[in-house]
Amino acid sequence: MSHNVPNRNWSYPTAIKFGVGRIAELAEHCKAVGLKRPLLVTDKALASLPITKGALDVLEAAGLGRAVFSEVDPNPNEKNMADGIAVYKAGGHDGVVCFGGGSALDLGKMIALMAHQAPKLSVWDLEDIGDWYSRADADKVAPIIAVPTTAGTGSEVGRAGVLTNSATHKKKIIFHPKLMPAVTICDPGLTVGMPRFITAGTGMDALAHCLEAYCSPFYHPMSQGIALEGMRLVFENLPKVYADPNDLDARAHMMSAAAMGAVAFQKGLGAIHSLSHPVGAVYGTHHGTTNAVVMPMVLDFNRKAIDARIKAAAAYLGIKGGFKGFRAKVMDLRTELGIPANLTAMGVEASRLDELTEMALEDPSCGGNPVKMTRRNTRKLFDACM
């Protein structure tokens, strides 16, 4: 019997404890997965903030200590990982609490993954290619508890982390099934203190995940449906939390949208990410903000392939005007959030566009773009983003 049914591998995320104030449950969830000496991994900015102190107080009160590693760069690299592993081993820790935005979550996962692997195994040997993950000893991956304090990357529900190679300035996606957190605590109250530009950038990251997953040509209707609803939550709630950081209802919806985007993008990502990854690696720009900068140009780039799909999304979202209306909605949101107009405004130099083009074509995200990315059209896309 002939058919056109594709073979695809699907998976969905971890146990999520969702609700305001649920950070108070942190110690009990650590104990439930067998942790006695967890290392809390966060970033430099968060380390001294009250929400981090509160999380450590919860751990300490339960007899789990208050060990912290916070030497995490905005685009974490293998040097950060090595430093974190040294702290992890010196403290005799038995698991990681990843606490913060995407950088802290990703680096915490890398520490848990690599701390007890054979010395000859490099983290780059576990890039998300084929079955490379099987090179790692799964029994030596430490348990992970994830606590996001931003609403953007969705790393809290994923089986991968992004790590920048400090020598090549290339971002690599490192994958292992056991990088899926054992428990994720999604407490919208933890996101209230985010600076407005982080609220904006991380929220646009969630939108980029949902948008690219929705437009991906691969077959995954479950993810496509999640992506569509995730876009609705972002369009309706990101302006609210940007205007009023204390709107917990909107904060909760944004936290949901972030997780939904990460679940959805197992369907695929595309040119937004394949452009923003090298820009972030070379220039240290905020990932979500960079996604937002290139988003309308990528929409134009892909229009012929996604016009009908975006029209359907616009109808569901209550946006008039089909593709043009949807694009205008993105532009209005960028303006409202103070997103830079183009890559030039972010400090990207025209002299490096050829280099960035080559890096974009090597990025695994480009394989999920609705329009095939070539050296010629990708270079022109970068020009359009300047």
Side-chain angles (χ1 to χ4, degrees), residues 74 101-102 150-153 191-192 194-215 227-247 249-251 253-255 257-258 260-261 269-273 275-276 279-280 283-303 306-307 309-311 313-348 350 381-386:
T150 65
T153 71
T191 71
V192 168
M194 276 195 292
R196 294 180 82 208
F197 82 95
I198 297 294
T199 293
T202 54
M204 291 300 288
D205 193 24
L207 179 60
H209 292 159
C210 291
L211 174 60
E212 292 214 286
Y214 178 74
C215 292
L228 184 58
E229 178 65 5
M231 283 192 283
R232 184 187 69 82
L233 290 176
V234 174
F235 279 127
E236 291 186 6
N237 292 283
L238 183 51
K240 293 179 183 178
V241 296
Y242 189 74
D244 179 7
N246 296 312
D247 186 336
D249 291 329
R251 288 280 185 196
H253 288 313
M254 284 303 302
M255 188 159 265
M260 291 165 74
L269 291 171
I272 291 175
H273 278 78
L275 266 62
S276 70
V279 170
Y283 289 96
T285 58
H286 184 269
H287 173 65
T289 304
T290 313
N291 282 342
V293 167
V294 304
M295 187 179 293
M297 299 77 164
V298 173
L299 279 169
D300 294 338
F301 179 78
N302 287 328
R303 180 170 182 175
I306 64 173
D307 189 75
R309 188 165 290 185
I310 292 296
K311 285 179 180 176
Y316 175 79
L317 297 168
I319 298 171
K320 296 180 180 179
F323 181 94
K324 288 184 178 180
F326 184 93
R327 188 188 190 283
K329 183 77 170 178
V330 170
M331 293 300 292
D332 289 344
L333 183 58
R334 291 195 341 155
T335 299
E336 190 171 355
L337 301 177
I339 300 296
N342 49 45
L343 291 179
T344 303
M346 298 190 83
V348 176
L381 177 57
F382 264 118
D383 284 335
C385 292
M386 295 296 283

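Values below: all heavy atoms of this structure, side chains included; hydrogens, waters and symmetry mates excluded.
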For Leu233, does its backbone N or O pair with a side-chain atom of Asn237 as donor and acceptor, under 3.5 Å? yes
CG on Leu343 to CE on Met297, rounded to 0.5 Å: 7.0 Å
Closest approach of Val298 to Ala271 (non-hydrogen atoms, all atoms of both residues): CG1-CB, 3.7 Å
With a 4.5 Å limit on heavy-atom distance, are the side chains of Met254 and Thr191 in contact? no
To the nearest 0.5 Å, what is the distance between OG1 on Thr285 and CE on Met346? 4.5 Å
CD1 of Ile198 to NE2 of His286, rounded to nearest 0.5 Å, is 4.0 Å
May I ask you to test the Met194-Thr202 pair for a side-chain heavy-atom distance under 4.5 Å? yes
Which atoms form the tightest heavy-atom contact between Cys210 and Gly261, and what is the distance? SG-CA, 3.6 Å
Residues at least two apart in sequence or cross-chain that pass ring-ring contact (aromatic ring centres under 6.0 Å, His included) with His287, listed by chain then number, are His273, His277
What residues, two or more places apart in sequence or in another chain, satisfy ring-ring contact (aromatic ring centres under 6.0 Å, His included) together with Phe301? none
Gap separating the CG atom of Leu211 from the CD1 atom of Ile272, nearest 0.5 angstrom: 5.0 Å
Taking it one step at a time, do Ser276 and Asn291 satisfy side chain to side chain donor-acceptor pair (under 3.5 Å)? CA-CA 6 Å; Ser276 70; Asn291 282 342; 2.6 Å; yes
Straight-line distance of Asp247 CG to Arg251 CZ, nearest 0.5 Å: 8.5 Å
Name all residues meeting the ring-ring contact (aromatic ring centres under 6.0 Å, His included) criterion together with Phe323; count only those two or more places apart in sequence or in a different chain, and write none if there are none. none
Does any non-hydrogen side-chain atom of Pro340 lie less than 4.5 Å from one of Thr289? yes
If a pair satisfies side chain to side chain donor-acceptor pair (under 3.5 Å) and one of its residues is in residues 314-325, list it, with sequence neighbours excluded. Glu229-Tyr316
Do Asp249 and Lys240 meet the salt-bridge criterion of a basic N to acidic O distance under 4.0 Å? no
Show your working on side chain to side chain contact (heavy atoms under 4.5 Å, CB included) between Phe382 and Val348 and close with a plain yes or no. CA-CA 10 Å; Phe382 264 118; Val348 176; 6.0 Å; no
If you count heavy atoms of other groups shown closer than 6.0 angstrom to CZ of Phe197, is the number above 12? no
If you look only at distance, which donor and acceptor atoms sit under 3.5 Å apart when one is on a side chain in residues 328-339 and the other is two or more places apart or in another chain?
unit_1	atom_1	unit_2	atom_2	d
Arg334	NH1	Ala292	O	3.1
Arg334	NH1	Val293	O	2.8
Arg334	NH2	Ala341	O	3.3
Thr335	OG1	Met331	O	3.1

Candidate pair Asn342 and Cys385, rule side chain to side chain contact (heavy atoms under 4.5 Å, CB included), full reasoning: CA-CA 6 Å; Asn342 49 45; Cys385 292; 5.9 Å; no
Beyond-backbone contact of Leu381 with Leu275, side-chain heavy atoms, under 4.5 angstrom: yes
Which atom of Ala206 lies closest to which atom of Ala151, heavy atoms considered: CB-O, 4.3 Å
Main-chain N/O of Arg309 paired with Tyr214 side-chain donor or acceptor, under 3.5 Å: yes
Measure the shortest side-chain to side-chain distance between Tyr283 and Thr290 over non-hydrogen atoms and say whether it is less than 4.5 angstrom. no
Min side-chain heavy-atom separation Met204-Leu238 under 4.5 Å: yes
Working to the nearest 0.5 Å, report the span between CD1 of Ile310 and CZ of Arg303. 10.5 Å
Could you work out, with salt bridge (Lys or Arg N to Asp or Glu O under 4.0 Å) as the rule, every residue matching Asp244, not counting sequence neighbours? none
